[in-house]
Amino acid sequence: MKKAAKVSLIVIISIVLFIALSVGFFFLLIEPNVTIFGSTDLDLDKLTSYSRTVTVLDCDGKPIDGALFDNDKLYVKYDELNDYTVNAFIAIEDKRFYDHSGVDYKRMASAAVNNIKSGKFSQGASTITQQLIKNTHLSNEKTIKRKIEEIRLARKLERVYDKEQILESYLNILYFGSGIRGLGTASRVMFNKPVSRLTLAQSAALASIINNPTKYSPYNNIDNLTERKELVLRQMLDQGFITENDYKYALSEKLSFSSERPNQFTSALLRDACRELDCTEKQLFNNQFTIKTAYNPRAVSAVRAELSNEKYDDYNVRVIILDNKTGGVMCDETNVIGYVNPQRSPASTIKPFISYAPALENGLNPLSQIEDKPTVFGDYAPKNYKEIYRGYQSLNDCLAYSSNIAAVKLLNQNGMDKSKAIAQNFGLSFTANDDSLALALGGMDKGVTLMELANAYRTLANGGKYSKPHYLLDVSNNDGQIYESDIQYKNAVGDDTAYLITNMLTNCAQYGTAKKLKYSGVIAAKTGTNGDENGNYDCYCIAYTPSNTVAVWFGAKDNEHLIDNKITGAKCSEIIKMLCDTKIIKTTEQFEMPQSVAYYDIDYTALNDMHEVYLADPMLPRRYRYKAVLSKRHLPVKRSIDIIDYYDYYSWQDGEF
């Protein structure tokens with residue numbers, strides 16, 4: 001017995017010593033004045049570097065005015081804040097902020113117990129001081145070493161900063177999503193007012209967002225935000241920061257979040273920059289990068305002013321403008337609050353890539369004839385818009401009038417695999433399920449994005465040479481340029497095919513489905529409308545000049561039908577017409593004719609009577625000839641090779657005879 005008691009006593013003493021040593025060692029690690037194991041030391045400069053921002057330059061090299069930059073002007077002083085604004089953050093983030101010395105041990109213990117009970121780390125226990133330290137000094141990795149450093153530095157900070165200084169620094173480094181950093185910036189962007197004028201409800205909403213800027217985004221997840229805002233107000237009431245009347249009034253206040261911000265462009269820019277630089281958004285800001293873009297303020301202002309018109313209130317609208325040479329995004333605007341980049345059916349806008357480009361590559365030409373009449377393909381019976389059929393038509397007219405029958409016939413004739421391969425060269429992607437003839441009319445499993453469509457048409461404008469579009473052109477910091485967009489071109493189709501389709505699409509803008517652009521100058525365009533017997537879902541107009549490509553999309557809200565079925569691709573062209581009329585899109589430059597095409601005389605009798613395309617015999621009277629531009633590699637010759645020699649001598653000298 002005595003021996004057993006002695007052993008038990010030794011065990012107890014050992015456990016007590018182990019606990020004592022562990023506690024002592026732990027407190028040694030978190031002692032503010034002790035720095036061991038290469039631990040991070042407190043750097044007050046990191047707390048006062050309030051302008052850690054991303055500077056974004058427009059096409060003229062001038063800083064874009066917006067939420068990503070110029071935070072110095074929006075820096076918030078503590079004495080500018082209303083008490084309820086400060087207390088909203090304290091109530092939900094750190095209710096014992098004024099009582100602890102950087103670490104809330106009671107909250108840590110409670111969180112540890114709850115995490116053990118739940119079997120997962122669902123609760124954190126970081127104080128405002130700890131959050132400030134983590135976001136300015138440490139990484140987001142979840143390790144014991146980082147947590148110990150966080151605690152030690154938080155305690156050290158509390159010895160050199162008072163509570164007001166800590167709150168001031170904390171509120172200026174908070175991230176609210178979409179590139180919005182700092183309470184001052186968030187107040188201006190989301191409510192269009194300085195922080196001194198924030199209401200209680202607005203303060204509670206802002207305090208809600210920082211917990212998870214994506215989950216509680218006012219632009220994408222307003223229901224989640226409303227629920228958490230009510231939680232913040234309840235916490236403020238329970239902690240005595242507000243009265244019952246204050247609470248009820250704030251609950252009844254209807255919040256309106258401003259949409260006057262470049263959210264679409266900047267959100268995409270951040271995504272593009274993080275992907276190209278292989279970094280996080282936080283690293284973008286901390287490294288104080290300067291990003292050069294093709295952003296055109298004049299174009300953006302014109303589009304934004306147009307979309308503010310109430311006539312667009314019932315529709316989702318997005319407008320993209322690309323610089324054809326660089327692939328730079330000049331404008332990416334929408335009337336939708338938040339970032340929108342859905343994959344949708346491209347409708348008839350896919351026809352040039354899935355039907356006509358493969359046909360021209362296979363040897364057809366713009367005058368090649370197709371009989372536009374009701375046709376059944378197995379169990380598939382496509383119909384033309386309003387069931388209008390025009391009989392024998394040239395490929396040129398079939399594309400201008402957007403014949404569904406012709407597009408399906410061409411896809412069927414070209415072959416599915418080859419047609420998809422050529423469309424993929426233009427940057428369009430398909431799934432394994434995209435294998436039916438309905439693909440010619442935009443019938444796809446997932447669809448494509450408006451940016452993918454816009455860039456496909458830009459490829460035509462660039463003579464069939466494909467390269468990726470870019471939101472950022474180059475990136476630099478204090479050490480100089482660290483990134484430049486790599487414009488790598490690859491041939492999607494021959495420059496002859498690209499030019500001939502461009503010619504065909506200029507006719508579409510002159511007398512076809514995009515004829516609202518008839519008097520807008522030199523411009524190629526294509527429209528598209530996706531719908532069913534109950535109405536339309538999507539409408540497009542995509543147009544391009546030698547310098548720019550413009551893509552406009554109208555979509556139904558909540559994936560329902562467009563309210564007005566008169567909204568078609570032709571309606572979308574009105575926005576493009578406005579951009580042309582205001583000279584934002586210049587339409588005076590001609591498309592350059594490549595050496596691979598030339599003008600030839602066609603036998604008009606054969607074309608009219610037999611619906612066949614042949615080069616005119618040199619002896620054929622001029623009244624029976626028809627002049628057309630054709631590809632030199634796919635000349636339609638009927639009989640004599642001497643005709644080629646004739647055209648070689650007379651026609652190719654200067655492009656026509």
Side-chain angles (χ1 to χ4, degrees), residues 346-360 364-373 375 382-411 413-414 440-442 453 456-457 460-461 493 496-530 539-545 549-552 568-574 576-577 580 587 590-591 593 597 602 604 607-608 611 613 626-631:
S348 292
T349 61
I350 199 175
K351 290 176 180 177
F353 314 106
I354 200 69
S355 295
Y356 289 87
L360 296 186
L364 296 185
N365 61 72
L367 293 181
S368 297
Q369 302 286 293
I370 289 183
E371 189 173 8
D372 184 24
K373 68 176 184 178
T375 307
K383 296 179 180 179
N384 282 351
Y385 179 61
K386 293 186 177 181
E387 297 195 45
I388 297 174
Y389 304 93
R390 294 180 169 84
Y392 279 100
Q393 296 282 302
S394 66
L395 264 62
N396 181 82
D397 287 346
C398 286
L399 183 56
Y401 293 121
S402 200
S403 165
N404 290 339
I405 298 297
V408 176
K409 281 187 175 181
L410 288 173
L411 175 57
Q413 178 180 322
N414 299 330
L441 312 183
L453 273 179
Y457 280 85
L460 291 174
V493 289
D496 52 349
T497 294
Y499 182 79
L500 293 176
I501 290 181
T502 293
N503 246 15
M504 296 159 74
L505 292 176
T506 57
N507 290 325
C508 182
Q510 287 298 305
Y511 60 81
T513 59
K515 62 185 177 183
K516 287 192 176 182
L517 299 175
K518 179 176 182 179
Y519 300 107
S520 295
V522 180
I523 192 166
K526 182 73 183 77
T527 62
T529 304
N530 167 45
C539 300
Y540 302 89
C541 184
I542 305 178
Y544 59 95
T545 67
T549 298
V550 188
V552 177
T568 64
K571 186 70 174 176
C572 298
S573 65
E574 293 179 0
I576 300 177
K577 183 178 184 302
C580 296
T587 58
Q590 296 290 332
F591 290 101
M593 179 184 288
V597 301
I602 299 299
Y604 183 74
L607 182 66
N608 192 51
H611 310 294
V613 183
Y626 180 88
K627 192 179 296 295
V629 62
L630 300 173
S631 166

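Keep in mind that the numbers below use all heavy atoms, side chains included, and drop hydrogens, waters and symmetry copies.
- When side chains are defined from C-beta on, Leu364 does not count as touching Tyr356, because their heavy atoms never get closer than 4.5 Å.
- Atoms CZ and OG, from Arg390 and Ser403 in turn, are 8.0 Å apart once rounded to the nearest 0.5 Å.
- To the nearest 0.5 angstrom, Asn384 atom CG is 13.0 Å from Lys373 atom NZ.
- For the pair Pro352 and Leu399, the minimum side-chain heavy-atom distance is below 4.5 Å.
- Remark: the Thr502 side chain and the Tyr544 side chain contain an N/O donor-acceptor pair separated by less than 3.5 Å.
- Thr527 and Ala570 make their closest contact through CG2-N, 4.1 Å (heavy atoms, listed as atom of the first residue, atom of the second, distance).
- With a 4.5 Å cut-off on side-chain heavy atoms, Leu505 and Leu460 count as touching.
- Atoms CG and CD1, from Asn404 and Ile388 in turn, are 11.5 Å apart once rounded to the nearest 0.5 Å.
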Inset, instruction - Go through Lys383 and Ile405 one step at a time and tell me if the side chain to side chain contact (heavy atoms under 4.5 Å, CB included) criterion holds. - result: CA-CA 7 Å; Lys383 296 179 180 179; Ile405 298 297; over 6 Å; no
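- Judged by distance alone, the side chain of Ser355 and the main-chain N or O of Ala407 form a donor-acceptor pair under 3.5 Å.
- Rounded to the nearest 0.5 Å, atoms CD1 (Ile542) and CD1 (Ile350) are 10.5 Å apart.
- Between Pro346 and Leu453, the shortest heavy-atom contact is CB-CD1, 3.9 Å.
- Residue-environment remark: OH (Tyr604) stays at or below the threshold of 12 foreign heavy atoms within 6.0 Å.
- Atoms CG and CD1, from Asn608 and Ile602 in turn, are 13.5 Å apart once rounded to the nearest 0.5 Å.
- Of the possible polar contacts, none joining the Tyr511 side chain to the Ala400 backbone as a donor-acceptor pair under 3.5 Å is found.
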Side-chain donor-acceptor pairs under 3.5 Å in residues 514-526, sequence neighbours left out?
| unit_1 | atom_1 | unit_2 | atom_2 | d |
| --- | --- | --- | --- | --- |
| Lys516 | NZ | Glu574 | OE2 | 2.8 |
| Lys526 | NZ | Ser402 | OG | 2.9 |

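- Between Ile370 atom CD1 and Lys409 atom NZ the span is 7.0 Å, to the nearest 0.5 Å.
- Smallest separation of non-hydrogen atoms from Pro382 and Thr375: CD-O, 3.6 Å.
- The shortest side-chain heavy-atom distance between Thr349 and Tyr457 falls under the 4.5 Å cut-off.
- Between Asn414 and Pro358, the closest heavy-atom pair is ND2-CB, 3.5 Å.
- Judged by distance alone, with hydrogens and angles left aside, the side-chain atoms of Asn365 form a donor-acceptor pair with the main-chain N or O of Ser368 at under 3.5 Å.
- Only one option out of Asn503, Leu360, Val629, Val613 pairs with Pro366 in a side chain to side chain contact (heavy atoms under 4.5 Å, CB included); it is Leu360.
- For Cys580 against Thr587, the heavy-atom pair with the smallest separation is SG-CG2, 3.7 Å.
- No side-chain heavy atom of Asp372 sits less than 4.5 Å from a side-chain heavy atom of Tyr401.
- Looking at heavy atoms from C-beta onward, Thr529 lies out of side-chain contact with Tyr385 at the 4.5 angstrom threshold.
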Legend entry - Stepwise side chain to side chain contact (heavy atoms under 4.5 Å, CB included) check, Leu500 with Ser631: CA-CA 8 Å; Leu500 293 176; Ser631 166; 4.1 Å; yes
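- The nearest pair of heavy atoms linking Ala347 to Gly528 is CB-C, 4.0 Å.
- Contact of the Leu607 side chain with the Gln369 side chain is registered, since non-hydrogen atoms from C-beta on lie closer than 4.5 Å.
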